[in-house]
Amino acid sequence: MSAYGDAGLGLLGDPSRRAIFELLARRPSSVQELADELPISRPAVSQHLRVLREGGLVVSHAEGTRRIHRLNPEGVGALRTWLDGVWSAALTDFQKTAEATTPGLESRPEDVEEQP
Amino acid sequence: MSGTAPIPPITGTVSLAVPVERAFEVFTGAVNTWWPHQYHIGQAELAEVVLEPGVGGRWFERGVDGSECDWGRVLVWEPPHRLVITWQINGSWQFDPDPEKASEIEARFTAGGPGESVVEVEHRYFERLDGGQAINDAINGGGGWALLLDGFAKTVAEQG
């Protein structure tokens with residue numbers, strides 16, 4: 001929906017990377033835990049995590065013998081990126097709900113627009 | 001403000017086949033029916049999202065365990081054309097009660113053709129939130145965000 005986070009524009013343009021980001025928004029996780037939830041390999045998860053870490057969206061720390069990854073708690077960047085996805089989904093659902101709950105109308109989901 | 005550089009706002013627009021009055025009514029009064037419930041801040045699973053009508057109204061989530069987590073307040077309430085609410089969840093993913101450190105969401109509702117409307121949403125002033133300095137440093141320091149901006153500029157250039 002904006003300059004950052006859009007498809008093809010970098011950090012979250014990759015679907016797997018966005019999926020990892022969304023999972024970490026719910027709870028801190030190890031590479032294995034992320035791989036268990038996704039249709040990609042452990043090395044692929046590690047590679048995406050490295051990119052997210054270098055972009056400042058994710059931080060990692062050791063917990064015993066495991067490394068735990070989570071969204072950067074000191075970052076408005078991570079918050080803003082998360083909100084970008086939130087608003088994109090929310091406005092789509094808002095349109096559908098408004099039209100579905102107003103008598104005499106049919107849904108027109110193709111009318112959802114995004115601004116550069 | 002703290003003098004930090006601006007962080008780009010998030011913007012979005014939707015066209016609706018409903019009158020502008022109805023659009024405002026659903027956006028505000030029925031926020032719980034359209035807000036995607038997987039997106040919330042509190043620890044407990046989300047039970048409902050509440051936006052209290054009128055200036056000063058609270059915007060918050062209520063968890064399935066009854067706990068409440070504030071998101072912000074209503075700053076401007078001008079049905080059916082304009083709504084401004086704050087977003088006070090900061091870079092530490094915590095509610096900050098200080099109104100000076102609030103980001104803002106403005107929603108503008110415009111009548112289109114008969115029975116049609118356009119809703120434009122802008123979420124802005126991220127730099128006011130605590131934790132905003134880190135992203136500014138990243139943008140200005142040539143980190144990942146600068147790379148993203150480069151990518152964006154290229155995309156814009158390619159699309160002419």
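Please read these numbers as outputs of a predicted model, since none were measured by experiment. Reminder, nothing fancy here: chain letters follow the sequence lines and each chain counts from 1.
- Contact check for B/F60 versus B/E52: side-chain heavy atoms found under the 4.5 Å cut-off.
- If you tally non-hydrogen atom pairs under 4.5 Å between each of B/H40, B/E25, B/H123 and chain A, the highest count goes to B/H123.
- Both the backbone and the side chain of B/I89 have a heavy atom closer than 4.5 Å to some heavy atom of chain A.
- Between B/W87 and B/W71, the ring planes lie tilted relative to each other; the angle falls in the 30° to 60° range.
- Note: B/F27 and B/W34 have tilted aromatic rings, judged against thresholds of 30 and 60 degrees for the angle between ring planes.
- The contact between B/V119 and chain A is made entirely by side chain atoms (from C-beta outward), counting heavy-atom distances below 4.5 Å.
- No side-chain donor from either of B/R124 and B/T11 sits under 3.5 Å from a side-chain acceptor of the other.
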